[in-house]
Protein chains: 2
Amino acid sequence: MIEFLREKGLKVTSQRLAIFNFILSRKDHPTAEQIYQKIRGEYPTISLGTVYKNLHLLKEIGLIQELGFDEGSVRYDPDMDLHVNMVCTNCGKITDYKTDKVEKLWNALISDIGIKPKGHRIDLYYECDDCK
Amino acid sequence: MIEFLREKGLKVTSQRLAIFNFILSRKDHPTAEQIYQKIRGEYPTISLGTVYKNLHLLKEIGLIQELGFDEGSVRYDPDMDLHVNMVCTNCGKITDYKTDKVEKLWNALISDIGIKPKGHRIDLYYECDDCK
DNA sequence: ATAAGTGCAAAACATTTGCAGGCTT
DNA sequence: AAGCCTGCAAATGTTTTGCACTTAT
């Protein structure tokens with residue numbers, strides 16, 4: 001990661017590393033505020049602005065995507081591959097569903113539409129086991 | 001529509017009718033602000049708050065859905081059926097793609113996952129013909 | 001030394017809320 | 001007449017921006 005940042009001409013700061021490592025390993029699509037609260041444990045003086053700036057940087061580099069939801073909440077997802085976001089309509093928990101089958105079906109879809117997509121998003125809303 | 005509102009126990013106001021008719025006939029997924037600007041042509045004193053309240057009402061009734069996008073923009077979509085939102089990454093224009101094939105593929109997907117979804121969203125990001 | 005990054009605070013937006021007055025029923 | 005709805009304005013919440021200071025290179 002340190003190497004990667006240097007190659008990109010980006011400075012390696014401890015805050016940046018903490019933010020990058022945190023979000024890139026997360027599977028639960030946290031919000032900026034949640035990321036901020038978490039990083040603050042380690043770096044109490046970090047600001048929300050810094051978190052946002054680094055998240056935008058990660059998005060530009062193409063390592064994460066932003067997922068906007070109803071009610072204005074934006075969540076950050078480090079999985080850039082094709083997958084289904086399984087969103088619980090009750091507790092809001094998001095888990096990814098990612099199989100070869102999903103990919104096959106998606107390929108069938110875009111060959112049907114006949115265009116070359118730059119990106120994709122598939123959400124499925126349901127009630128998760130914990131909430132049922 | 002007037003009948004429909006009365007059945008639901010909702011009052012029929014000219015502003016409400018204008019908002020409902022406008023968004024329900026729109027295919028381009030406008031934002032609240034865009035809807036407000038349009039309705040304002042006919043009702044110059046209408047407020048953004050009223051627009052929001054009525055949009056939320058429509059959502060509760062189940063006639064429209066909210067689609068959150070990056071950067072906090074929320075768009076309103078009156079098509080509750082399964083379809084693909086084709087989003088131009090350059091100009092932001094959204095068009096729907098809706099065929100039997102989409103439905104078949106989706107059914108194959110949910111039978112693969114093995115759950116009963118309450119809702120869905122499929123976005124495909126690309127560069128539209130106008131922008132190419 | 002220089003340029004980029006951080007932290008802070010203010011600003012900019014989008015959306016929500018509360019309430020007085022007006023309109024539908 | 002009663003209650004819902006509107007319009008306004010203030011409040012809220014999130015994200016962005018500007019700038020002085022700090023840190024990595």
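Bear in mind the structure is a predicted one, so any value in this text is a computation, not a measurement. Excluded from the calculations below are hydrogen atoms, water molecules and symmetry mates; all remaining heavy atoms, backbone and side chain alike, are included.
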Think [X] has a side-chain N or O under 4.0 angstrom from the OP1 or OP2 of [N]?
| X | N | result |
| --- | --- | --- |
| B/Thr13 | D/dT6 | yes |
| A/Gln15 | D/dT23 | no |
| A/Thr50 | C/dG7 | yes |

Report task. Salt-bridge test for A/Asp77 and A/Arg75: reply yes if a basic N is under 4.0 Å from a carboxylate O, no otherwise. Result -> no
Query - Given DNA chain D, 5'-ward residue of the pair B/Gly9 and B/Pro44, judged by closest heavy atom - result: B/Gly9
Query raised in the report: Relative to the 5' end of DNA chain D, which residue comes earlier, B/Lys11 or B/Ser47, by the nucleotide with the nearest heavy atom?
Result: B/Lys11
Whole angstrom is fine here: how far is it from [atom1] in [X] over to [atom2] in [N]?
| X | N | atom1 | atom2 | answer |
| --- | --- | --- | --- | --- |
| A/Arg16 | D/dT25 | CZ | P | 10 Å |
| B/Tyr36 | D/dC8 | OH | P | 8 Å |
| B/Ile35 | C/dA14 | CD1 | C1' | 14 Å |
| A/Glu33 | D/dT12 | CD | C1' | 14 Å |
| B/Leu5 | C/dT25 | CG | P | 9 Å |
| A/Leu10 | C/dA3 | CG | P | 16 Å |
| B/Arg6 | D/dC5 | CZ | P | 13 Å |
| B/Glu42 | D/dG7 | CD | P | 12 Å |

Query - Test: B/Arg121 cationic atom under 6.0 Å from B/Phe69 six-membered ring centre, within 45° of axis - result: yes
Report task. Take B/Trp106 and B/Ile122 through the test side-chain contact (heavy atoms from CB on, under 4.5 Å) and record every step on the way to the result. Result -> CA-CA 10 Å; B/Trp106 182 257; B/Ile122 309 176; 3.6 Å; yes
Query raised in the report: Relative to the 5' end of DNA chain C, which residue comes earlier, B/Glu66 or A/Thr45, by the nucleotide with the nearest heavy atom?
Result: A/Thr45
Report task. Would you kindly compare B/Val12 and B/His56 by the position of their nearest DNA chain C nucleotide and give the one closer to the 5′ end? Result -> B/His56
Requested in this report: Please report the C-alpha distance between B/Leu24 and B/Met1 in whole Å, then the side-chain angles of each, then the deciding distance to 0.1 Å, and finally whether the side-chain contact (heavy atoms from CB on, under 4.5 Å) criterion is met.
Outcome: CA-CA 11 Å; B/Leu24 290 176; B/Met1 168 58 74; 3.5 Å; yes
Report task. To the nearest 0.5 Å, tell me how far A/Asp28 CG sits from A/Ile23 CD1. Result -> 7.5 Å
Query raised in the report: Is there a donor N/O on one and an acceptor N/O on the other, under 3.5 Å, for the side chain of B/Lys53 and the base of C/dG18?
Result: yes
